[in-house]
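Here the structure comes first, spelled out in structure tokens, and everything after it is commentary.
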Amino acid sequence: MKLLTHNMLASTVRGVSQGYPLGIAPGAVTEVHACDFSKEFLVHVFPKLEWSAFVSACASLSLPTMPAEVTPASWEDESFLRQMHHNLLEVHVQEGTLICPESGRQFPVSKGIPNMLLNEDEI
Amino acid sequence: MATRKAHSRPELVAPADVFYDNREARKYTTNSHMIKTQHQLTERALELLALPKDAPPQLLLDLGCGSALSGSVLASYGHHWVGMDLSEAMLRVAVDRGVTGVQSADRQAPVDTNPTGVGVAAPVLFDEDDEDDDDDDEDGDDDDEPGTGDVMVGDLGQGLPLRTSLRLVHGSGSLSRHAGAPVTVSARGGETAAGGVFDGAVSISAVQWLCNADSSGAVPRLRLRRFFATLYAALKRGARAVLQIYPDSPQQAEMITSAAMKAGFSGGLVVDYPNSTRAKKYFLTLCAGPPSTSTAVPQGRDGDPDDGGDGEMVRSAKRRKVAGAGAGGGGSVRHPQRKGGADWIRKKKEQRMMRGYTDIPRDSKYTGRKRKSGRF
Ligand SMILES: C[S@@+](CC[C@H](N)C(=O)[O-])C[C@H]1O[C@@H](n2cnc3c(N)ncnc32)[C@H](O)[C@@H]1O
């Protein structure tokens, strides 16, 4: 699971109204899955992100910190862009647990794949 | 497709997560006929998705993404896709094929270390050599940025586990976080309070599964409703979803279509090759928003897919891919006017435009470009 995906995921367990952002339990195992850098894509995807959720997710995985505020200068800052690319698209959570902030429901991530399936009584 | 030969409707055999077990997932993904068919269907779906011309790489959903035969096509156009599927076995094959990126540790390793043993030449998506660069790129931008994908286990019938716009607005979303983005971003207008964030969605050969009451308590109508409501919420307003389906009857096609309309989508069913039993294909082409001239349902392809008619563009594009797939990466030489080449495609498009077709894909820097995903 990439952090871009994490940024989009929410818990939709019955009775939960926000279910976002999903916490990442301590001890998650990550890998790096390299992919091509595209500034164009980063610029395009930025307004789609919940930036603060991304910043916290990076912190939970002890990744290099992303700035809380993105300024116009950030888009000219090569090291910011590279780090954003890396944290958002290349870092892959292999093993871990996602936690619904409202219900505490846990969603496992196993071999890089989060499982968002609900039980019948959670729909 | 071995699967369909044995059971022409696997959705009637068992639930998807049972049917697509490890063995079937592997069989599916290495079947050359299956690969070819899914690639063609995805190419067509992308065409119907009508993404804005000269747009940056897009953020797309692939619903029922399976082992990413469809996702690889999206990525070959540079898009980033997020896929969901009920079968973990299928998703595992996708990850093993390297659709999420090239695992750093074995980046230098020879391709035949593919741990799955799936007969797929490992992560080819990110291979930069023998690139077929278009000299006549309109924007002169020959940066090639193949996209990447990511997958999750989920049941479309339970709805998509994605945050909606409400969360975006009421979450952390201080407006200041937009301040830094170049103006073009905020001017796009899609990412407003009313809409989701995905630029589009495709689903290839999956949604008919929702019509089966395959587990206790599964009510197809309810499942379709949840699916379409959450899909609508996930999409940027005005974005399209193209769902290629195999309905088992006109009633089923109608049930799926009307569920989509009830969720607020406009659009309808595009039928390609309606007169051919074998080639006939259904694409539910939807727009997340009210009907307008820009959301009018495109025409289906007609004529005989096997003669030199309308089906040919896709078929010959495929032949090019196969040519590129040979050992030693042959086929990288440019033959601009050869059948299937970029110029040839442009000429064909012109001819079709003259004949009054309206569903002609725009030219882009990717026009006629060899797909990297065609190499397995
Ligand atoms: C014929 S395969 C197509 C896979 C992929 N789109 C492709 O083009 O190769 C159909 C896929 O739909 C998935 N599927 C069926 N029902 C589903 C459901 N309710 N939720 C999610 N995925 C489902 C199956 O697991 C299978 O991977």
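Being a predicted model, the structure only gives us computed values, none of them experimental. Here is how names work: the chains are called A, B, and so on, in the same order as the sequence lines, proteins then strands, and each is numbered from 1.
Using a 4.5 Å cut-off between heavy atoms, A:Leu117 touches chain B through backbone and side chain atoms alike. Using a 4.5 Å cut-off between heavy atoms, B:Val151 contacts chain A through both its backbone and its side chain.
Residues forming a side-chain hydrogen bond (donor to acceptor under 3.5 Å, both in side chains) with A:Glu76 (at least two apart in sequence, or on another chain): none. In this structure, the side-chain hydrogen bond (donor to acceptor under 3.5 Å, both in side chains) partners of A:His33, at least two apart in sequence or on a different chain, are A:Glu31, B:Thr100.
Inter-residue side-chain proximity for A:Leu4 and B:His80 is flagged as met; some heavy-atom pair is nearer than 4.5 Å.
The contact list for residues 88-115 of chain A toward chain B, using heavy atoms and a distance under 4.5 Å, reads A:Leu89, A:His92, A:Ser110, A:Lys111, A:Ile113, A:Pro114, A:Asn115 by residue number.
Evaluation of the side chain to side chain donor-acceptor pair (under 3.5 Å) test over residues 149-160 of chain B, restricted to residues two or more places apart or in two chains, returns A:Thr5-B:Asp150, B:Asp155-B:Arg223.
In terms of heavy-atom proximity, A:Lys2 sits nearest to B:Gly149 at CE-O, 3.2 Å. For the residue pair B:Pro161 and A:Met116, the shortest heavy atom distance occurs at CG-CB, 3.7 Å.
Between the side chain of B:Arg163 and the backbone N or O of A:Pro21, no donor-acceptor pair lies under 3.5 Å.
The line from CZ of A:Phe41 to CG of B:Leu59 is 5.0 Å long, rounded to the nearest 0.5 Å.
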